[in-house]
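Order of the sequence lines fixes the chain letters, A, B, ..., with proteins taken first and strands second; residue numbering starts at 1 for each chain. These numbers come from a predicted model, not from an experiment.
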Protein chains: 2
Amino acid sequence: MNELTISYEDFIVKFRKTITSLGLKNSNQREYVLKILFQSNSHLSVDEIGQEVLSKCSHKISTATVYKILKLLEELKIVNCITIGKNDKKVYELNLKSHHDHMVCQECGNFIEFYNEDIEKLQKEIAKKNNFLINSHTMIIYGICDKCQ
Amino acid sequence: MNELTISYEDFIVKFRKTITSLGLKNSNQREYVLKILFQSNSHLSVDEIGQEVLSKCSHKISTATVYKILKLLEELKIVNCITIGKNDKKVYELNLKSHHDHMVCQECGNFIEFYNEDIEKLQKEIAKKNNFLINSHTMIIYGICDKCQ
DNA sequence: CTCAATGCAAATGCTTTGCACTGAT
DNA sequence: ATCAGTGCAAAGCATTTGCATTGAG
């Protein structure tokens, strides 16, 4: 589920082109956030991204800026955001991975990612039956993971 | 999807028994909220519940109280809460209906409910494979509904 | 040089909490 | 009479916004 098919270098070059083609300006902050997301295997919250930028890039980044950057990246479909769990925390991940859904352990908070072709197919069928045009979907299974039982 | 198998009278009598058996005290406010949820076909936000209580029960209810009541009802598994859409609004519905998932129209905000036995089965299989104990799940398909296309 | 991006602080919105008062048992 | 429930206002968070400053092109 986690094999990225693109190197960070290629990814960032592509990102710079995207930014430029939109008439926007790139910034170190944007690349810091992307680097952190690229390196991370897990889903990160806004605060976690800020902390990681500080510790791994030695740069204090404003929380407001992180929000602004993530908003842009979401619009560009470069990151995904999911709202998870009891406290409805929002977490972000790069959109490089193929689509997948999540099982969340209510004990330890860890995620298991999964993908099931048949479920995707069934979703499309249901949508078609209701003449509903699918844009995206989220599916989260809550429970207790192997370790925590 | 919407056929309730219990009358409001029976439902509220059962609720009173539950409250009493827990050593709690019932209140008009709790019954107002339950009545509104019972009457409603849609998912209501906290504010909407407050407004409906005012207009249909002629009683101004404190928002804090609505939150407290909903929290209790969630713990008692009497209501479900789902977080939906762009603005991550929380909406509530009675747990009387059988389990179902949702399609949300990103244009008009309306929901279509659906239930699919095969998807439920597949979820259970996936969980079993990962030795994950399912507690609950949410599945939301985002897109554009029939009317809005 | 120009205009977008950043960063701070203030503002907003949703939810929770503390506490005095009300009301159910 | 007792103790839970309510309602208000204040406090807490997460997120957004306004605006002056910084920096990329």
Expected output is a numbered-order residue list: members of residues 26-37 of chain A with a heavy atom under 4.0 Å from any atom of DNA chain C. What is it?
A/S27, A/Q29, A/R30
Any idea how B/H100 and B/H102 line up, ring-wise: parallel (<30°), tilted (30 to 60°), or perpendicular (>60°)?
perpendicular
Throw together a table of side-chain donor-acceptor distances under 3.5 angstrom for residues 51-59 of chain B, partners on residues two or more places apart or in other chains.
residue: B/E52; atom: OE1; partner: B/K56; partner atom: NZ; Å: 3.1
residue: B/S55; atom: OG; partner: B/Q51; partner atom: O; Å: 3.3
residue: B/S55; atom: OG; partner: B/E52; partner atom: O; Å: 3.4

Measure NE2/A/H59 against C1'/D/dG23 and give the value in whole Å, please.
11 Å
Atom pair NZ (A/K17) and CG (A/N26), whose distance is rounded to the nearest 0.5 Å:
13.5 Å
Starting at CZ of B/R16 and ending at C1' of D/dG5, how long is that distance when rounded to a whole Å?
16 Å
Apply the side-chain contact (heavy atoms from CB on, under 4.5 Å) test between B/D10 and each candidate in B/I12, B/I6, B/V13; give the one that qualifies.
B/I6
Rounded to the Å, how far apart are A/L70 CG and D/dA14 P?
15 Å
Nucleic acid footprint by protein, nucleotides 8-17 of chain C - heavy-atom cut-off 4.0 Å, B for base, S for sugar-phosphate alone:
BB----SBBB
Separation of D/dG5 P from B/L72 CG (nearest whole Å):
8 Å
With sequence neighbours excluded, residues passing salt bridge (Lys or Arg N to Asp or Glu O under 4.0 Å) with A/E48:
none
Short N/O separations, protein against nucleotides 1-3 of chain D, under 3.5 angstrom:
residue: D/dC3; atom: O2; partner: B/K25; partner atom: NZ; Å: 2.6

Under a 4.5 Å side-chain heavy-atom rule over Ile, Leu, Val, Met, Phe, Trp and Tyr, are B/I19 and B/L96 clustered together?
yes
Distance alone, cut at 3.5 Å: any donor-acceptor contact between the side chains of A/E113 and A/Y115?
no
For residues 128-135 of chain B, dump all side-chain donor-acceptor pairs below 3.5 Å to protein atoms at least two apart in sequence or in another chain.
residue: B/N130; atom: ND2; partner: B/I126; partner atom: O; Å: 2.8
residue: B/N131; atom: ND2; partner: A/D146; partner atom: OD1; Å: 2.5
residue: B/N135; atom: ND2; partner: A/Q106; partner atom: OE1; Å: 2.7

What's the CD1-P distance between B/I19 and D/dA4, to the nearest Å?
13 Å
Mark yes or no for whether A/S40, through its side chain, and A/L37, through its backbone, hold a donor-acceptor pair below 3.5 Å.
no
Of all heavy-atom pairs between B/M103 and A/A127, which one has the smallest distance, and what is that distance?
SD-CA, 4.1 Å
In whole angstroms, the gap separating P of D/dG7 from CD1 of B/I49 amounts to 14 Å
Expressed in angstrom and rounded to an integer, what is the separation of A/F15 atom CZ from D/dA24 atom C1'?
14 Å
A/F15 reachable from A/F38 in the ILVMFWY side-chain graph, under 4.5 Å edges
yes
